[in-house]
Amino acid sequence: MCGIFGVTGDKDTTELLIHGLKRMEYRGYDSSGICLNNEELIRKRAVGPLSNLEPLVVDLPDSKCGIAHTRWATHGAPTVENAHPHVSSELDVAVVHNGIIENEVELRNFLKSDDKELEFESETDSELVAHLLSKELKKINSKIKNITEDQILSSWKNVIDKLEGSYALAAVISGREDSILFARKFAPLILSHDGKRGLLASDVSCVVGLSESVFYLEEGDWGIIKDLGVKIFNIDGDTVELKPKKLEWELGDAELGGYPTFMLKEIYEQPRVVRDCLRGRLSRDKIKGVKIPYHPRLLRIVGCGTAYNAGLLARYYIEQLSKIPVILDHAHEFRYGAPSGPKSLVVGISQSGETADTLAAIDAAQERGYPTLGIVNVESSTIARNVDHIIGIRAGPEIGVASTKAFTGQVLGGLLIAMKLGQDSKNFHREDLSYFDRHARMLPTSMERMLNDQNIKTKLWEAQQYFSGKNHAFFLGRNTSYPIALEGALKLKEISYIHAEGYAGGELKHGPLALVEEGTPIVVIASEGSSHKKLLGNAREVSSRGAKVIFITHQEDELADSHADLVIKVPRTHDLLQPLMYNIICQLLSLNIAEERGCNVDRPRNLAKSVTVE
Ligand code: M6R
């Protein structure tokens with residue numbers, strides 16, 4: 001989704017702004033722009049990739065301050081007019097904005113009522129902020145250089161007070177060549193300052209390598225960043241003394257490191273994610289460092305997309321190991337349901353920790369008085385800061401829009417909760433944990449072996465051929481392999497644009513079977529226990545209707561051989577961990593298919609990495 005970057009106090013402002021925009025490309029965008037803050041504001045914008053903006057900024061004059069933006073269209077089509085930065089009519093203010101101004105209509109009328117001649121250049125809600133600030137400044141003095149900094153700050157506060165909705169904002173004023181005004185509410189924004197250079201960004205990845213520590217603004221914080229320092233105020237206008245926090249990620253995390261794509265890099269990082277996520281939390285006799293507010297009677301899990309699929313697997317695990325019932329909701333549907341009973345616990349799963357729907361579900365849970373727990377990757381994110389306790393999955397930055405390594409971490413987070421509650425309720429015993437621990441310690445090596453297995457690579461290539469020229473595919477699972485079927489289908493559709501659906505095998509005869517025809521590729525993901533045999537039956541059902549069946553299972557499964565056109569076998573591990581191995585095969589299969597179709601796997605069309613609007 002949209003990204004904001006700002007620089008003050010650096011002689012290479014244009015270069016830095018473009019660098020920041022490149023770092024945010026992974027989030028998804030359809031236009032971009034920058035504005036340099038000199039005696040006059042200099043603005044350049046372009047639709048499409050950053051390579052369309054770059055030629056427009058090569059000959060810009062030196063400047064020591066500027067703001068930049070990548071836009072993901074919400075209000076108005078992706079056009080140059082709608083691209084940020086937006087300016088006031090007299091070009092005295094430029095603004096970049098992430099979020100949605102909900103009282104847009106009222107503000108538009110308010111501005112118009114005052115100035116009937118006022119023309120809006122764009123269809124965006126963001127442009128209004130530039131006009132509002134310009135209007136406030138003019139009320140003080142028509143010459144900006146005669147306005148004091150305190151007056152600028154109070155004008156900015158007046159503007160912010162008028163805004164309803166969500167925003168991360170940065171604004172520059174012509175003639176104020178070292179200053180950027182900022183504000184945040186329900187949208188992330190961070191600052192950094194080394195005494196000479198100030199940076200402002202909506203995304204940590206922009207400042208990685210440029211700064212070692214950052215200020216994480218709180219909801220409602222606003223202020224001014226200049227070459228010499230930062231002034232931060234809270235919603236009531238009181239000065240805030242924020243302590244800088246060490247950046248949790250390093251430069252290499254945000255770079256390809258020799259891999260052709262971030263998606264491939266992140267798939268290969270999964271053995272490391274397992275090691276890091278379980279480090280210090282899992283031992284032979286105890287789950288440590290996993291804080292759960294109380295032993296709940298009911299768990300509610302919320303998440304979107306991949307995080308939802310991870311939540312579904314977590315649901316199976318929690319119910320199986322602790323016998324506590326779990327209700328899983330798409331985060332955006334949670335608020336429409338009835339409140340849970342007493343002693344409920346709400347668990348929000350999110351890689352970015354900024355997904356607006358998940359954030360809203362957490363808020364709703366808190367309003368209903370329930371304790372909340374977050375399974376998150378970005379530990380400085382809004383969700384991480386809003387929940388009562390977090391389990392950080394320690395996956396490192398996930399740049400590819402398709403979530404891969406985060407799924408593994410999210411499932412492990414769910415498993416830790418399941419085992420902890422299982423121990424507390426005496427359903428998961430010390431010997432169960434010790435047995436799990438043995439396998440979990442070997443899991444990263446098994447994953448590495450699988451990722452480098454030539455035979456598996458050949459099988460994946462053969463499987464990929466079944467998708468050639470196809471526009472529809474199915475993924476089937478049962479029990480704990482059902483979430484993997486959903487996730488496998490999500491991965492395939494989002495990066496290859498092949499229509500794919502994940503089904504529980506038992507659902508097949510209730511409708512989807514009608515779609516199976518000669519050559520339909522169907523990926524069947526092995527499950528554990530008695531459900532496996534039923535799944536083999538499902539494979540037969542589709543096979544006898546002409547489908548091409550690819551069976552993903554483990555090395556000890558001999559039954560699958562006679563039930564599929566192609567069987568991909570992976571190393572055997574603990575039943576609770578086996579789905580993670582299968583999921584990696586699905587990720588690789590989707591990646592190979594998408595690349596063969598010429599798709600950009602890191603930046604699929606229409607999608608954003610972090611969905612910060614509801
Ligand atoms: O950052 P989050 O985990 O909250 O994101 C949730 C979904 O938007 C995300 O998982 C999305 O479905 C991915 N693109 C799937 O690969």
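Read the numbers this way: they start at 1 and go in the same order the structure lists the ligands and their atoms. By convention here, the first residue in the shown sequence is residue 1.
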Within 45° cone of Tyr497 ring axis and under 6.0 Å: Arg605 NZ or CZ | yes

Should Glu219 and Arg385 count as an ion pair when the cut-off is N to O under 4.0 Å?
-> no

In Glu487, Lys491, Gln270, Glu266, the residue satisfying side-chain hydrogen bond (donor to acceptor under 3.5 Å, both in side chains) with Gln587 is Gln270

Are the side chain of Asn377 and the backbone N or O of Ile393 linked by a donor-acceptor pair below 3.5 Å?
-> no

Under 3.5 Å, N/O to N/O: give me all the pairs between ligand 1 and the protein, one per line with atom names and distance.
{"residue": "ligand 1", "atom": "1 (O)", "partner": "Ser352", "partner atom": "N", "Å": "2.9"}
{"residue": "ligand 1", "atom": "1 (O)", "partner": "Ser352", "partner atom": "OG", "Å": "2.7"}
{"residue": "ligand 1", "atom": "1 (O)", "partner": "Thr355", "partner atom": "OG1", "Å": "3.3"}
{"residue": "ligand 1", "atom": "3 (O)", "partner": "Gln351", "partner atom": "N", "Å": "2.6"}
{"residue": "ligand 1", "atom": "4 (O)", "partner": "Ser350", "partner atom": "OG", "Å": "2.6"}
{"residue": "ligand 1", "atom": "4 (O)", "partner": "Thr355", "partner atom": "OG1", "Å": "2.4"}
{"residue": "ligand 1", "atom": "5 (O)", "partner": "Thr355", "partner atom": "OG1", "Å": "3.4"}
{"residue": "ligand 1", "atom": "10 (O)", "partner": "Thr306", "partner atom": "N", "Å": "3.1"}
{"residue": "ligand 1", "atom": "12 (O)", "partner": "Thr306", "partner atom": "N", "Å": "3.3"}
{"residue": "ligand 1", "atom": "14 (N)", "partner": "Val401", "partner atom": "O", "Å": "3.1"}
{"residue": "ligand 1", "atom": "14 (N)", "partner": "Glu494", "partner atom": "OE1", "Å": "2.9"}
{"residue": "ligand 1", "atom": "16 (O)", "partner": "Thr306", "partner atom": "OG1", "Å": "3.3"}
{"residue": "ligand 1", "atom": "16 (O)", "partner": "Ser403", "partner atom": "N", "Å": "2.8"}
{"residue": "ligand 1", "atom": "16 (O)", "partner": "Lys491", "partner atom": "NZ", "Å": "2.8"}
{"residue": "ligand 1", "atom": "16 (O)", "partner": "Glu494", "partner atom": "OE1", "Å": "3.3"}
{"residue": "ligand 1", "atom": "16 (O)", "partner": "Glu494", "partner atom": "OE2", "Å": "2.3"}

Can a donor-acceptor pair be found between the side chains of Ser403 and Gln351 at a distance below 3.5 Å?
-> no

Quick one: do Ile4 and Phe182 satisfy side-chain contact (heavy atoms from CB on, under 4.5 Å)? Show the steps, please.
-> CA-CA 11 Å; Ile4 290 176; Phe182 59 82; over 6 Å; no

